[in-house]
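Fair warning: this is a prediction, and the values are worked out from it, not measured in the lab.
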Amino acid sequence: MRIFDPHIHMTSRTTDDYQRMAEAGVRAVVEPAFWLGQPRTNPGSFTDYFDSIIGWEPFRASQFGIRHHATIALNPKEANDPRCRPVLDLLPRYLAKDGVVAVGEIGYDSMTPAEDEVFAAQLALALDHDLPALVHTPHRDKARGTLRSLDVVKESGIDPGRVALDHLNEVTVEPARDAGVWMGFSIYPDTKMSPDRMVEILRKYGTERVLVNSAADWGRSDPLLTLRTGEAMLAGGFSADDVDQVLWRNPVAFYAQSGRLDLSDAAGTEATFAGNSILRGGS
């Protein structure tokens, strides 16, 4: 089983996690910029963080044969802090980097007017830089937040096929599917989605445009829950090809839209995705 985790915060994980992930079949990851658990007080702290996830983390991952890319953004929670708003001026420098494959995480935390403004501004940056967008749906009032997110996406003019709405659940998957965006699901030990619940969603809605991730942030989480979801799919009657589509081909297809996805040094595969050129090697 080959696994591409499309949303995992490796800055909060250890090298032991990288080792376990490699042994489990994880060959590629995307690390979205996010909130670190306590307030950042100036744009300089973001600069250091962005430099880390486009420099240090790819090096750490490479030691285990895992290809690491990143998404860059001012996250929704800190969009409410006026001390952080100048980060928007820093983003174009980072969105031009080769290893950056989307603008994200953007979207909503508390659905404030400040979040509205920053969300729209960063969708505009995605359009300006010809990048996909990774959208964080809020943990509170998720149904309303998902519909509001879809409205903002529509108003921005971005192609919905270049947008992934993440942290979805049984209540929010249908409007996301109907809007034509990619549907992201975070699998957690206690909250969000479980492997068994994910299997039921796949059984009802199919495997197209579905992204399954572990998120694996600084809270209680598990970077191997992508593997557990694949195992649950097989136990639930899905084929090995279905598992490969959800855990590998779907995230490859979504992030390949950036023209920057490079899997040439991922263990067990040789593939480079640049513009519309796709070269595949072994699986």
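- Contacts classified as side-chain hydrogen bond (donor to acceptor under 3.5 Å, both in side chains) and involving residues 87-101 (residues at least two apart or in different chains) are given here: Asp51-Tyr94.
- Taken from SG in Cys84 to CZ in Phe46, the straight-line distance is 4.0 Å, to the nearest 0.5 Å.
- Using modelled atom types, one side-chain atom of Glu115 and one backbone atom of Asp109 make a donor-acceptor pair closer than 3.5 Å.
- Taken from CG in Asn250 to CZ in Phe4, the straight-line distance is 11.0 Å, to the nearest 0.5 Å.
- Ser258 approaches Leu131 most closely through the heavy-atom pair CB-CD2, 3.8 Å.
- Between His69 and Arg260, the shortest heavy-atom contact is NE2-O, 3.7 Å.
- What you find for Trp35 and Gln38 is that their closest heavy atoms are NE1-O, 3.4 Å.
- The pair Asp17-Arg20 meets the salt-bridge criterion, since a charged nitrogen lies less than 4.0 angstrom from a carboxylate oxygen.
- With rounding to the nearest 0.5 Å, the separation of CG in Asp130 from CD1 in Ile158 is 9.0 Å.
- Legend: side-chain hydrogen bond (donor to acceptor under 3.5 Å, both in side chains) pairs involving residues 230-243, not counting sequence neighbours, sorted by first then second residue: Arg228-Glu231, Ser239-Asp242, Asp241-Arg249.
- Checked by atom type, the side-chain pair Thr15/Arg60 shows no donor-acceptor distance below 3.5 Å.
- Across all non-hydrogen atoms, the minimal contact from Ser156 to Leu127 is O-CD1, 3.3 Å.
- A 4.5 Å side-chain heavy-atom check between Leu211 and Asp166 finds every atom pair outside the cut-off.
- Judged by distance alone, the side chain of Thr14 and the main-chain N or O of Asp16 form a donor-acceptor pair under 3.5 Å.
- Shown here are the side chain to side chain contact (heavy atoms under 4.5 Å, CB included) partners of Ser52, two or more places apart in sequence or in another chain: Trp56.
- With contacts defined as side-chain heavy-atom distances shorter than 4.5 Å, the pair His129/Val100 does not qualify.
- Note: Asn80 CG to Met111 CE = 11.5 Å, rounded to the nearest 0.5 Å.
- Salt-bridge check for Asp81 with Arg40: failed, with every basic side-chain N at 4.0 Å or more from each acidic carboxylate O.
- Side-chain atoms of Leu225 and Met193, non-hydrogen and from C-beta on, never get closer than 4.5 Å to each other.
- The line from CZ of Arg177 to CZ of Arg209 is 8.5 Å long, rounded to the nearest 0.5 Å.
- With 3.5 Å as the limit, one finds no donor-acceptor pair spanning the side chains of Asp48 and Ser45.
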Between Phe238 and Leu202, does the side-chain contact (heavy atoms from CB on, under 4.5 Å) criterion hold? Intermediate values first, please. CA-CA 9 Å; Phe238 284 90; Leu202 291 166; 3.7 Å; yes

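- A donor-acceptor pair is defined here as one N or O able to donate and one able to accept, closer than 3.5 Å; such a pair exists between the side chain of Arg67 and the backbone of Asp262.
- With hydrogens and angles ignored, the 3.5 Å screen pairs a side-chain donor or acceptor of Asn213 with a backbone N or O of Phe185.
- Salt bridge absent: Arg197 and Glu200 never bring a charged side-chain N and a carboxylate O closer than 4.0 Å.
- In this structure, Met21 and Phe64 have side chains that are not in contact, with every pair of non-hydrogen atoms separated by 4.5 Å or more.
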Which is it for Thr11 and Glu31 under the side-chain contact (heavy atoms from CB on, under 4.5 Å) test, yes or no, and what are the steps along the way? CA-CA 8 Å; Thr11 192; Glu31 177 158 3; 3.3 Å; yes

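- Distance alone, capped at 3.5 Å, is enough to place a donor-acceptor pair between the Gln257 side chain and the Phe254 backbone.
- Note: Phe34 and His9 have parallel aromatic rings, judged against thresholds of 30 and 60 degrees for the angle between ring planes.
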Test Arg83 against Glu78 for side-chain contact (heavy atoms from CB on, under 4.5 Å), laying out the working first. CA-CA 9 Å; Arg83 297 173 299 180; Glu78 289 174 299; over 6 Å; no

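- A heavy-atom distance below 4.5 Å is found between the side chains of Met1 and Leu234.
- When atom types are taken as modelled, the side chain of His68 and the backbone of Gly99 share no donor-acceptor pair closer than 3.5 angstrom.
- In terms of modelled atom types and a separation under 3.5 Å, the side chain of Trp182 and the main chain of Leu165 share no donor-acceptor contact.
- Thr137 pairs in a side-chain hydrogen bond (donor to acceptor under 3.5 Å, both in side chains) with only one of the listed residues (His167, Lys142, Glu105), which is Lys142.
- Side chains of Leu150 and Pro175 form a contact here, defined as non-hydrogen atoms less than 4.5 Å apart.
- Residues Leu74 and Gln122 form a side-chain contact, since some pair of their non-hydrogen atoms from C-beta on lies under 4.5 Å apart.
- Tracing side-chain contacts under 4.5 Å through hydrophobic residues (I, L, V, M, F, W, Y), one never reaches Tyr49 starting from Leu90; they form parts of separate clusters.
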What's the verdict on side-chain contact (heavy atoms from CB on, under 4.5 Å) for Trp248 and Val243, showing C-alpha distance, side-chain angles and the deciding distance? CA-CA 8 Å; Trp248 183 264; Val243 173; over 6 Å; no

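- At distances below 3.5 Å, at least one donor-acceptor pair connects side-chain atoms of Tyr255 with backbone N or O atoms of Pro6.
- Proximity of a side-chain donor or acceptor of Ser12 to a complementary backbone N or O of Ala216 within less than 3.5 Å is detected.
- Contact of the Leu91 side chain with the Ile72 side chain is registered, since non-hydrogen atoms from C-beta on lie closer than 4.5 Å.
- Separating the NZ atom in Lys77 from the CG atom in Leu36 is a distance of 12.5 Å, to the nearest 0.5 Å.
- Ala133 and Ala102 get closest at one heavy-atom pair: N-CB, 4.5 Å.
- Listed for the Arg13 side chain is no donor-acceptor partner under 3.5 Å among the backbone atoms of Ile8.
- The heavy-atom pair separating Thr226 from Val212 by the smallest distance is CG2-O, 3.8 Å.
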With side chain to side chain donor-acceptor pair (under 3.5 Å) as the test, would you mind laying out the steps for Glu57 and Tyr18 before giving the verdict? CA-CA 11 Å; Glu57 284 305 325; Tyr18 271 123; 2.7 Å; yes

